[in-house]
Every structure is written in C-alpha cells, then in structure tokens.
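Since this is a predicted model, take the numbers as computed values, not measurements.
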Amino acid sequence: MSILVGYVPTPVGEAAVAAAIEEAALRDRELLIVNSQREGVLTDASVASEEDIERVTGAARNAGVKATILRPTHRDDLTEAILELADEHDVALIVIGLRQRTQVGKFIMGSHAQRILLQADRPVLAVKAQPR
C-alpha cells in the first residue's frame, strides 16, 4: 500500500507534499504524487513545472521515500479523479492541502477537499499551509 498526495505548485500544495513525505517515511510506504490537468485547457496554473516535480521528488528521495509522479487529466471532477486513483492503487492514506475560503465561497464553488474528506473510503490527512 502507498500514500497518495494531491499536488499543485502553491504553498498549500507544498505543505501537503511535505506532510505526505513525512507520513511515507514514517510508515515506510511509497508516495504517489498526483498533479492533474483539466482536459482541453491550454494553460493551467495547477500544473507543476519540471522544476517543481524535480524539487518534490528530490525532497522525497532525501527522506528515503520512493516517489512516483502521476499526471492524469481530468474533465470536470478532480475529486472523482483523486478517489479513482486512490482505489486503483489501493492507497493507505490520501493527503490533501486545505486553502482558506470564505463560507460563501465554499457554498457557491464547492470544495474538492471537502468532497474528498466526505467521500473517501480510506483515511485522509488534511494539511494547511503555514501562515506567512
């Protein structure tokens, strides 16, 4: 069994990867780092650059953790893509980053993190970025 982390190149994504690396080292598990792009979008701020990928895989290597990058595409539902990958790889833990949103923002836009927390059939570790 492995640990799956959703990664975007933001402070929240970096915090999630750091926590996932720590958990993978603690549990002696492989780490699956997911960075998914929406289908049909030419530019997407959530897509990690090669520098970002090298940095996070290097951090995993330095911690003695084997890391694999998964770069699937998703249509409208990133939550479903994450949950399907968790099932497909039979992961022991899902790690996600939480960003601060207003109550109105959560109500109108929904929250991938909230849906993963509610719909996952395995443990989920939710991580916040350190305040600046």
Side-chain angles (χ1 to χ4, degrees):
M1 293 183 98
S2 52
I3 293 176
L4 182 142
V5 60
Y7 174 65
V8 292
T10 64
V12 171
E14 300 294 335
V17 167
I21 290 170
E22 190 176 313
E23 286 294 322
L26 182 70
R27 298 171 186 229
D28 193 27
R29 304 280 186 192
E30 179 182 358
L31 180 60
L32 304 175
I33 302 171
V34 179
N35 182 247
S36 181
Q37 180 175 1
R38 176 172 276 186
E39 286 181 9
V41 175
L42 296 177
T43 60
D44 188 345
S46 66
V47 175
S49 69
E50 290 306 314
E51 284 179 358
D52 295 325
I53 296 299
E54 183 54 41
R55 188 176 39 5
V56 297
T57 55
R61 237 185 344 268
N62 291 341
V65 172
K66 179 183 178 203
T68 302
I69 302 296
L70 303 175
R71 295 188 105 159
T73 57
H74 65 278
R75 290 184 183 222
D76 295 325
D77 198 354
L78 177 60
T79 300
E80 273 306 309
I82 295 287
L83 295 175
E84 285 173 10
L85 285 169
D87 284 341
E88 180 182 326
H89 293 278
D90 192 28
V91 302
L93 176 70
I94 301 170
V95 181
I96 58 173
L98 295 178
R99 61 185 173 146
Q100 290 196 312
R101 291 176 116 180
T102 65
Q103 293 298 321
V104 172
K106 288 178 194 171
F107 177 74
I108 293 171
M109 300 297 288
S111 165
H112 294 296
Q114 181 180 20
R115 289 188 49 221
I116 290 169
L117 285 166
L118 294 173
Q119 295 176 13
D121 61 356
R122 60 203 73 230
V124 177
L125 174 61
V127 179
K128 286 183 175 181
Q130 293 293 325
R132 291 183 177 204

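- Applying the salt bridge (charged side-chain N to carboxylate O under 4.0 Å, His left out) test to D90 and every residue at least two apart in sequence or in another chain returns R122.
- The side-chain contact (heavy atoms from CB on, under 4.5 Å) test applied to A15 returns V127, A129, not counting sequence neighbours.
- Every side-chain hydrogen bond (donor to acceptor under 3.5 Å, both in side chains) that E30 has, sequence neighbours left out, goes to T68.
- Residues passing the side-chain hydrogen bond (donor to acceptor under 3.5 Å, both in side chains) test with E54 are R61, sequence neighbours excluded.
- When each of I69, L70, V56 is paired with Y7, the side-chain contact (heavy atoms from CB on, under 4.5 Å) condition holds for V56 and for no other.
- One hydrophobic cluster, built from ILVMFWY side chains closer than 4.5 Å, holds both L93 and I33.
- For the residue pair S2 and H89, the shortest heavy atom distance occurs at OG-O, 4.1 Å.
- The side-chain hydrogen bond (donor to acceptor under 3.5 Å, both in side chains) test applied to E50 returns R71, not counting sequence neighbours.
- Atoms CG and CG, on L85 and L32 in that order, are 8.5 Å from each other to the nearest 0.5 Å.
- Under a hydrophobic-cluster definition in which Ile, Leu, Val, Met, Phe, Trp and Tyr are linked whenever side-chain heavy atoms come within less than 4.5 Å, directly or via other members, V12 and L98 are assigned to different clusters.
- For the side-chain hydrogen bond (donor to acceptor under 3.5 Å, both in side chains) condition, the pairs that include at least one residue of residues 18-27, sequence neighbours left out, are E23-R27.
- Under the 4.5 Å side-chain criterion, counting only non-hydrogen atoms from C-beta, L31 is not in contact with V95.
- Residues that satisfy the side-chain contact (heavy atoms from CB on, under 4.5 Å) test with V124, not counting sequence neighbours, are I94, I96, I116, L117, A120.
- A16 and G6 get closest at one heavy-atom pair: CB-O, 4.1 Å.
- Residues A60 and A67 approach most closely at CB-CB, 3.7 Å, considering heavy atoms.
- Between E84 atom CD and T79 atom OG1 the span is 11.0 Å, to the nearest 0.5 Å.
- Listed by chain and residue number, E14, D52 satisfy the side-chain hydrogen bond (donor to acceptor under 3.5 Å, both in side chains) test with R55 (two or more places apart in sequence, or in another chain).
- For A63, the side-chain contact (heavy atoms from CB on, under 4.5 Å) partners are I21, V65, not counting sequence neighbours.
- Taking each heavy atom of P123 and A92 in turn, the nearest pair found is CD-O, 3.5 Å.
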